[in-house]
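Note that the numbering runs from 1 along the sequence shown for the chain. Values reported hereafter were calculated over all heavy atoms of this structure, with side chains retained and with hydrogens, waters and symmetry mates removed.
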Amino acid sequence: MRRYIIKSASGEPRSEEKAFSIPYREALNPAQYEAVTTLQGPLLVIAGAGSGKTRTLTYRVARLVEEGIPPSSILLLTFTRKAAQEMLRRAATLLDHRCEKVAGGTFHSFANLTLRKYAEKLGFHSGFNILDRADAEDAINLLRTRMGLNRKEHRFPRKKTIATIYSKAVNKAVPIEEVIIEDYPHFSKETMDLLRLYEAYQAYKQNNLLMDYDDLLIHMRDLLEKNPDVQETLSQAYRYIMVDEYQDTNKIQADIIRLLAAGHNNVMVVGDDSQSIYAFRGANFRNIMDFPAMFPGTKIIKLEENYRSTQSILNVANVIIERAREKYTKVLFTRKQSNTVPALVAAEDERMQSQFVSQRILELREEGIPLNEIAVLFRASYHSFDLEIELNQRNIPFVKVGGFKFMETAHIKDLIAHLKILANPLDVVSWHRVLLMVERIGPKTTEEIFQAVARSGIGIKGLAAVKTKPGYAGAFEKLRKKLESLDGNNLPLVEIGASLMRYYEPILEKKYDDYPKRAKDLEHLLTIMERYQNLENFLSDMALEPPNASVNDILATDYEDEQLVLSTIHSAKGLEWHTVFIIWVLEGRFPVTYAARSDEEMEEELRLMYVAATRAKENFYCTYPINTYERGMGMVFSRPSRFIEGIPEETLERWSLVDGQ
């Protein structure tokens with residue numbers, strides 16, 4: 001759209017202050033202002049961490065409306081409805097209510113509304129129903145049963161796993177076979193049946209006028225590709241398109257944007273290639289890197305001024321991301337200075353790492369930093385298990401985000417239930433959990449066995465008098481022998497745990513489709529057991545009351561009680577804290593060992609480290625335990641992560657821990 005400037009009576013153009021009700025130039029930094037006022041043609045805004053991305057989008061919505069663009073012809077796509085609503089609300093506060101009439105929402109909500117209008121073009125009725133994830137899993141399970149794929153003698157993935165495989169294939173735009181080979185190689189023998197089931201699932205949805213979440217995107221793309229008239233209509237309807245978090249889009253979403261903008265190319269995407277960390281959900285790093293090729297003539301603007309962190313923290317983040325092989329080069333800077341240098345802390349072992357983090361948190365609390373302004377981040381959920389024990393012992397309240405708390409993971413509960421029986425043969429709850437894992441033993445038989453043991457008065461040895469039936473006699477005998485062999489002996493706790501783990505492994509494989517990952521958790525549990533001299537103390541610590549807070553508590557601003565934040569890095573993206581600890585910054589744990597299978601996965605691990613570093617505002621600590629033995633690989637890990645190793649001491653200060661006892 002061409003701007004025609006009305007001059008004042010003196011013949012001079014009106015100043016911007018008079019031309020617009022919002023003082024854009026004063027409210028924005030130069031890069032933000034350029035992004036807000038570049039309205040025509042394709043625009044790629046590389047928004048560094050903490051650089052005011054949301055502010056830029058909000059002001060651009062207001063600018064478009066103030067330029068006279070009809071709100072209905074502006075499309076703002078975000079990854080949550082809440083994000084879109086918040087941006088439009090802020091824009092309306094800046095300007096007026098017209099901004100609330102901008103078409104804003106998620107890719108899925110936009111696709112849903114559009115497909116309702118044009119469903120007949122795809123052979124659907126506009127009254128189709130949408131399957132949420134649970135509905136989709138139930139439909140898959142129904143078909144799985146009809147096709148005879150749920151036979152007990154036939155090892156076949158459960159409905160949740162199957163739905164994950166299908167969704168990942170769609171979102172990553174790869175064959176189902178590839179997903180199975182990469183992520184579920186233990187199900188490779190079931191590939192043909194999984195493909196047959198997928199075809200049946202597609203037919204089931206078509207015949208019953210159903211779409212799942214992935215179908216909304218697929219059919220939206222198909223609608224635009226196969227119907228030029230519809231594409232032209234929609235492209236003309238939405239003359240100005242904006243997309244938030246573009247680095248998190250998948251290939252289908254990128255295709256939808258390309259098709260929608262075909263008639264005008266007035267598309268602005270905002271994102272940060274350095275924060276592309278969701279490949280496991282189907283996000284495609286190539287989308288943001290290839291945007292200029294998809295839209296020739298793209299203008300690239302970089303937002304590099306950071307409003308979150310001190311320069312000393314940004315210096316570390318800049319070094320980390322500079323090591324990326326492929327990137328849009330940017331250097332974050334800020335006006336916030338600090339004399340505090342981020343620290344790299346090597347601990348003798350995991351327990352000392354936990355002691356350091358807990359002690360430093362208490363010191364920071366004494367210095368006036370609230371617990372909810374402190375976060376401990378980690379690559380994998382199980383990395384915090386030992387720290388959780390230490391925090392509980394020191395009475396430091398915390399909330400955990402991403403993954404389950406230690407005592408909430410089903411496989412950990414399974415193994416600990418066996419230990420509880422050894423400590424207390426009258427623990428009826430643990431008996432029920434343990435016995436129901438035995439094949440062909442149901443609730444009624446479980447209760448009969450427990451009563452027999454209770455009546456015997458001799459604890460575990462009372463199992464010998466239990467009368468069994470042929471259907472479960474063999475499996476029950478294995479359990480009886482295992483428990484009796486461990487009852488009352490003086491083995492170290494870690495050896496008892498290892499023995500139970502060997503017994504439990506076949507059950508784990510049958511019970512959980514993702515058993516290889518869960519086995520890693522159990523290995524880590526053994527490492528924790530090494531800290532304890534006896535079973536009773538271990539179980540007492542494991543039984544400490546876990547916090548009941550939810551993810552929403554992390555985002556709340558009015559805490560009634562302070563709580564430290566424990567979070568996976570994936571769950572921490574978009575958040576910020578005064579002080580951040582990253583634990584287990586150890587080669588072999590971060591990056592994870594399996595990332596070595598491809599350059600792309602290793603690059604994403606590096607970006608994950610960058611995201612973690614840029615969550616901190618004032619204090620930043622990286623910690624790692626040395627001489628960590630990895631049982632599964634038979635290796636000792638002792639080097640700090642390759643992503644921070646070699647950073648100069650003036651940028652990342654080395655701390656040595658001294659045991660003061």
Inset, instruction - Establish, yes or no, whether the cationic atom of Arg615 lies under 6.0 Å from the six-membered ring centre of Phe620 and within 45° of the ring axis. - result: no
Legend entry - Cationic N near anionic O, under 4.0 Å, Lys299 to Glu34: yes
Legend entry - Under 3.5 Å: donor-acceptor pair, side chain of Gln253, backbone of Asn250: yes
Inset, instruction - Would you confirm whether the ring centroid of Tyr246 sits within less than 6.0 angstrom of the ring centroid of Phe291? - result: yes
Inset, instruction - May I have the step-by-step check of side chain to side chain donor-acceptor pair (under 3.5 Å) for Tyr240 and Gln40, ending in yes or no? - result: CA-CA 8 Å; Tyr240 294 87; Gln40 304 298 320; 2.9 Å; yes
Legend entry - Euclidean distance, Thr58 OG1 relative to Lys53 NZ, rounded to 0.5 Å: 9.0 Å
Inset, instruction - Evaluate the criterion salt bridge (charged side-chain N to carboxylate O under 4.0 Å, His left out) for residue pair Lys327 and Glu603; output intermediate values, then yes/no. - result: CA-CA 10 Å; Lys327 60 186 176 294; Glu603 285 285 290; over 6 Å; no
Legend entry - Short side-chain to backbone donor-acceptor contact, Asn315 and Thr651, under 3.5 Å: no
Inset, instruction - Give a yes or no on whether a salt bridge exists between Lys330 and Glu304, defined as a side-chain N under 4.0 angstrom from a carboxylate O. - result: no
Legend entry - Lys302, NZ: over 12 other non-hydrogen atoms inside 6.0 angstrom: yes
Inset, instruction - Output yes when a side-chain donor or acceptor of Arg323 lies under 3.5 Å from a complementary backbone atom of Phe643, and no otherwise. - result: yes
Inset, instruction - Side-chain contact test, heavy atoms from C-beta onward, threshold under 4.5 Å: evaluate it for Ile162 versus Thr164 and give yes or no. - result: no
Legend entry - NZ or CZ of Arg63 within 45° of Phe20 ring axis and under 6.0 Å: yes
Inset, instruction - Using a 4.5 Å cut-off on heavy atoms from C-beta on, say whether the side chain of His264 contacts that of Ser235. - result: yes
Inset, instruction - Would you check if the side chain of Arg308 reaches a backbone N or O of Thr614 as a donor-acceptor pair within less than 3.5 Å? - result: yes
Inset, instruction - Would you check, one step at a time, whether the test side chain to side chain donor-acceptor pair (under 3.5 Å) holds for Ser167 with Asp214? - result: CA-CA 7 Å; Ser167 183; Asp214 296 328; 2.8 Å; yes
Inset, instruction - State, with a plain yes or no, whether a side-chain heavy atom of Leu57 is found less than 4.5 Å away from one of Val270. - result: yes
Inset, instruction - Run the salt-bridge test on Asp273 and Arg286 with the 4.0 Å N-O cut-off and return the result as yes or no. - result: no
Legend entry - Heavy-atom side-chain proximity of Asp244 to Leu77 below 4.5 angstrom: no
Legend entry - Phe581: which of Leu377, Ile374, Leu566 passes side chain to side chain contact (heavy atoms under 4.5 Å, CB included): Ile374
Inset, instruction - With Lys205 as the cation and Tyr201 as the aromatic partner, state whether NZ or CZ is under 6.0 Å from the six-membered ring centre and within 45° of the axis. - result: yes
Inset, instruction - Let me see the working for Lys121 and Asp229 under salt bridge (charged side-chain N to carboxylate O under 4.0 Å, His left out), right down to the final yes or no. - result: CA-CA 11 Å; Lys121 296 274 188 180; Asp229 57 327; 3.2 Å; yes
Inset, instruction - Answer yes or no: is there an ion pair linking Glu66 with Arg98, defined by an N-O contact shorter than 4.0 Å? - result: no
Inset, instruction - Report the C-alpha distance between Arg90 and Glu86 in whole Å, list the side-chain angles of each, state the deciding distance to 0.1 Å, and finish with yes or no for salt bridge (charged side-chain N to carboxylate O under 4.0 Å, His left out). - result: CA-CA 6 Å; Arg90 289 189 193 180; Glu86 178 63 15; 3.1 Å; yes
Inset, instruction - Identify the residue among Glu618, Glu562, Lys617 that makes a side chain to side chain contact (heavy atoms under 4.5 Å, CB included) with Glu373. - result: Lys617
Legend entry - Lys/Arg N to Asp/Glu carboxylate O, Lys573 vs Glu245, below 4.0 Å: yes
Inset, instruction - Evaluate the side-chain proximity of Val585 to Ile582: yes if any heavy-atom separation is below 4.5 Å, no if none is. - result: yes
Inset, instruction - To the nearest 0.5 Å, tell me how far Tyr278 OH sits from Gln247 CD. - result: 9.0 Å
Legend entry - Donor-acceptor contact present, side-chain Thr310 to main-chain Lys336, <3.5 Å: no
Inset, instruction - Taking the six-membered ring for Trp and the single ring otherwise, decide whether the centroids of Tyr238 and Phe110 are under 6.0 Å apart. - result: yes
Inset, instruction - Evaluate the side-chain proximity of Tyr621 to Val580: yes if any heavy-atom separation is below 4.5 Å, no if none is. - result: no
Legend entry - pair Leu259-Ile256: side-chain heavy atoms closer than 4.5 Å: no
Inset, instruction - Rounded to the nearest 0.5 Å, what's the gap from CG on Leu575 to CD1 on Ile569? Could you check? - result: 12.5 Å
Legend entry - Backbone N/O of Tyr33 and side chain of Thr37: donor-acceptor pair under 3.5 Å: yes
Legend entry - Polar side-chain atom of Tyr328 near backbone of Ile288 as donor-acceptor pair, under 3.5 Å: yes
Inset, instruction - May I ask you to test the Ile140-Tyr166 pair for a side-chain heavy-atom distance under 4.5 Å? - result: yes
